[in-house]
Amino acid sequence: MDLDAITEYSALHPKPSGLILQYGTAGFRTKAEHLDHVMFRMGLLAVLRSKQTKSTIGVMVTASHNPEEDNGVKLVDPLGEMLAPSWEEHATCLANAEEQDMPRVLMDISVKAAVNLQQDAFIVIGRDTRPTSEKLSQSVIDGVTVLEGQFHDYGLVTTPQLHYMVYCRNTSGQYGEATLEGYYQKLSKAFMELTKQTLCSEDEYRSLKVDCANGIGALKLKEMEHYVSQGLSVQLFNDGTKGKLNHLCGADFVKSHQKPPQGMEMKSNEKCCSFDGDADRIVYHYLDVDGHFHLIDGDKIATLISSFLKELLLEIGESLNIGVVQTAYANGSSTRYLEEVMKVPVYCTKTGVKHLHHKAQEFDIGVYFEANGHGTVLFSKAAETKIRQLTKELEDEKRKAAAKMLENVIDLFNQAAGDAISDMLVIEAILTLKDLTIQQWDALYMDLPNRQLKVKVADRQVISTTDAERQVVTPPGLQEAINDLVKKYKLSRAFVRPSGTEDVVRVYAEADSQENADSLARAVSLAVFQLAGGVGETP
Ligand SMILES: CC(=O)N[C@H]1[C@@H](OP(=O)(O)O)O[C@H](CO)[C@@H](O)[C@@H]1O
Ligand SMILES: [Mg+2]
């Protein structure tokens with residue numbers, strides 16, 4: 001390691017002294033102007049991680065659904081998954097080291113993690129459409145270069161596309177070809193195969209309106225459109241040509257405000273969906289004939305997908321196990337429906353896809369979705385091999401066709417990360433195959449009315465939780481207060497946790513009516529404010 005060169009280059013990306021940032025739920029995220037040093041240092045860290053794992057590592061520059069002024073960065077581990085927790089700590093230490101200490105901290109990490117510095121390193125880089133992303137990704141490249149790492153800059157890509165590239169490169173192309181063309185080819189081939197029988201029928205032409213949050217999803221969907229145009233006609237809105245990124249549109253806005261995005265023409269009963277700013281989340285929605293807005297979130301997506309997979313498994317007669325993984329934010333009705341009606345086991349993990357992804361890996365088929373629409377389906381190696389084998393061996397035509405469908409579903413899902421484009425194609429294929437309208441899908445179960453609020457406190461870390469974040473441990477008295485409030489309402493549930501991406505405490509409540517859910521959420525917010533050091537206006 002050439003410490004002099006590192007010191008010299010680091011001075012070109014100086015850390016504002018005293019600034020402390022945390023590698024949170026989804027990497028570093030804050031105002032873009034505070035991130036130059038973090039980007040340079042994540043370039044350095046990615047090289048160490050690449051040397052240590054002897055694999056290609058990804059660096060994605062994005063702040064997903066955050067406002068346009070923000071930016072962020074996260075590292076992608078060898079199989080396209082989120083960075084390992086011990087390296088999140090290294091990332092936090094390196095990002096927060098004062099300028100003069102940085103080279104030493106870097107050395108310490110390489111010693112602690114037993115990095116062989118002689119090993120080659122290869123980094124792939126991607127970025128979203130934020131005005132600051134190009135310059136910041138250049139700072140990542142500076143970090144990679146000063147440690148003599150090799151790199152490939154994919155430029156503008158969605159977050160899941162970068163995860164896909166990392167996965168492809170570390171499996172010698174077995175997962176797919178590590179190019180955008182390879183990604184489009186793989187997904188569109190699986191989609192067209194899945195839906196080809198239905199195209200011959202007199203099915204109405206399948207069309208979908210997509211709110212792209214004025215983000216990268218618009219560019220990439222435009223590139224992909226012609227590959228699938230025979231099976232699906234998409235109409236893009238909020239494509240970034242006029243509106244501001246994530247402003248009053250996109251999956252996060254639609255989910256948290258429970259209302260339609262601006263900038264999208266919605267006629268009654270038309271099937272619509274929204275991506276988030278880096279296209280790793282998707283939610284569906286429509287207006288009914290009375291003009292009421294209906295949201296179909298990640299929970300209902302997980303339900304549609306798992307019921308489809310369960311039917312296919314039944315048809316091929318294989319006893320592969322399916323598990324559904326959710327977080328505490330999953331609507332109570334969805335959990336009940338999955339467990340009681342569909343009879344599939346449901347598990348709850350902490351918020352953040354890395355936790356869900358990890359749990360989903362325990363099953364032959366692990367379906368995971370956050371309520372906000374971030375998720376995918378993982379197939380174990382054994383399950384995948386079995387299914388591919390059955391497509392060749394089965395003689396019964398019906399069973400063979402079901403196995404072929406499953407095989408295409410495996411290829412259509414992005415196994416590295418939740419992916420709005422891939423999930424959209426899976427959902428469209430299922431709706432077509434099952435001849436379901438968006439209203440019929442929505443009618444699977446009724447969501448319990450719910451409300452999410454945010455509370456400002458002096459230090460959100462005073463709140464600690466257990467039981468997959470459903471119970472508060474500290475500060476003392478807060479859980480008891482929540483319990484007392486919950487008892488006052490029917491079908492009610494509430495929990496609070498510190499956000500990993502914003503400086504707030506999140507409050508979630510559900511109850512038998514919207515009025516009650518709102519009132520419970522307000523009462524719990526007040527308890528947080530009073531018992532956990534609220535600042536500013538009383539909720
Ligand atoms: C309630 C909620 O939607 N929380 C989101 C949000 O995390 P917080 O830790 O709640 O800020 O951003 C994460 C990253 O995108 C996402 O994984 C998670 O689901
Ligand atoms: Mg996102």
Side-chain angles (χ1 to χ4, degrees), residues 22-30 60-67 70-74 76 81-83 88 126-130 133 157-163 212-217 220 245-246 249-258 274-283 295 297-299 302 325-331 348-358 368-376 414 417-423 450-455 460-461 463 465 468-470 494-510 521:
Q22 194 85 28
Y23 196 99
T25 319
F28 293 102
R29 243 181 236 188
T30 185
M60 183 71 197
V61 177
T62 180
S64 183
H65 58 276
N66 287 39
D70 289 6
N71 217 320
V73 59
K74 62 180 171 190
V76 180
E81 73 278 39
M82 302 289 182
L83 185 64
E88 288 188 359
R127 65 179 143 88
D128 69 12
T129 54
R130 280 163 209 272
S133 290
V157 284
T158 70
T159 296
Q161 283 176 334
L162 188 79
H163 285 257
C212 298
N214 291 315
I216 182 71
K220 299 299 135 179
L245 177 69
N246 297 326
C249 62
D252 193 65
F253 171 84
V254 169
K255 167 75 182 161
S256 44
H257 293 82
Q258 306 188 15
S274 291
F275 289 7
D276 75 336
D278 62 340
D280 60 1
R281 289 194 202 172
I282 183 169
V283 294
L295 172 72
D297 64 3
D299 304 334
V325 189
Q326 304 185 317
T327 70
Y329 291 100
N331 195 277
C348 183
T349 69
K350 290 204 267 187
T351 304
V353 279
K354 63 185 173 201
H355 301 294
L356 292 102
H357 190 93
H358 190 70
Y368 76 83
F369 271 89
E370 292 192 302
N372 60 33
H374 193 169
T376 187
N414 188 332
D419 182 334
I421 294 180
S422 138
D423 290 339
N450 59 89
R451 180 63 61 204
Q452 264 196 61
L453 295 175
K454 299 175 189 181
V455 184
R460 69 191 198 276
Q461 302 310 339
I463 296 193
T465 62
E469 303 174 323
R470 289 172 292 193
F495 67 92
V496 306
R497 54 175 280 280
S499 159
T501 60
E502 288 175 57
D503 190 12
V504 295
V505 174
R506 291 197 198 281
V507 171
Y508 177 90
E510 60 187 34

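These values consider heavy atoms only, across backbone and side chains, with no hydrogens, waters or symmetry-generated copies. Order of appearance sets the numbers: ligands from 1, and atoms from 1 within every ligand.
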- Query: Which single N/O/S atom of Asp278 lies at minimum distance from the Mg ion (ligand 2)?
  - Reply: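 The closest N, O or S atom of Asp278 to the Mg ion (ligand 2) is OD1.
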Under-4.0 Å heavy-atom contact with ligand 1, by part of [X] that carries it:
| X | answer |
| --- | --- |
| His65 | side chain |
| His374 | neither |
| Lys74 | neither |

- Any N/O/S of Thr159 under 2.8 Å from the Mg ion (ligand 2)?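 No - counting backbone and side chain alike, Thr159 has no N, O or S atom under 2.8 Å.
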- N/O/S atom of Asp276 inside 2.8 Å of the Mg ion (ligand 2), strictly under: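 Asp276 does place an N, O or S atom closer than 2.8 Å to the Mg ion (ligand 2).
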- Query: Nearest non-hydrogen atom to atom 6 (C) of ligand 1 belongs to which of Asn372, Thr501, Leu356?
  - Reply: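 Going through Asn372, Thr501, Leu356 one by one, Thr501 has the nearest heavy atom to atom 6 (C) of ligand 1.
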Considering distance alone, does some N or O of [X] sit under 3.5 Å from an N or O of ligand 1?
| X | answer |
| --- | --- |
| Tyr329 | no |
| Glu502 | no |
| Pro498 | no |

- Item | Ser499: numbered ligand 1 atoms lying under 4.0 Å from its heavy atoms |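 This gives 8 (P), 9 (O), 11 (O) as the contact atoms.
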- Query: Do NZ/NE/NH1/NH2 and the carboxylate oxygens of Arg506 and Glu469 come within less than 4.0 Å?
  - Reply: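 No.
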- Message: Quick test of your reading of the model: are Arg29 and Asp70 salt-bridged, counting only N-O distances below 4.0 Å?
- Response: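 No, Arg29 and Asp70 are not salt-bridged.
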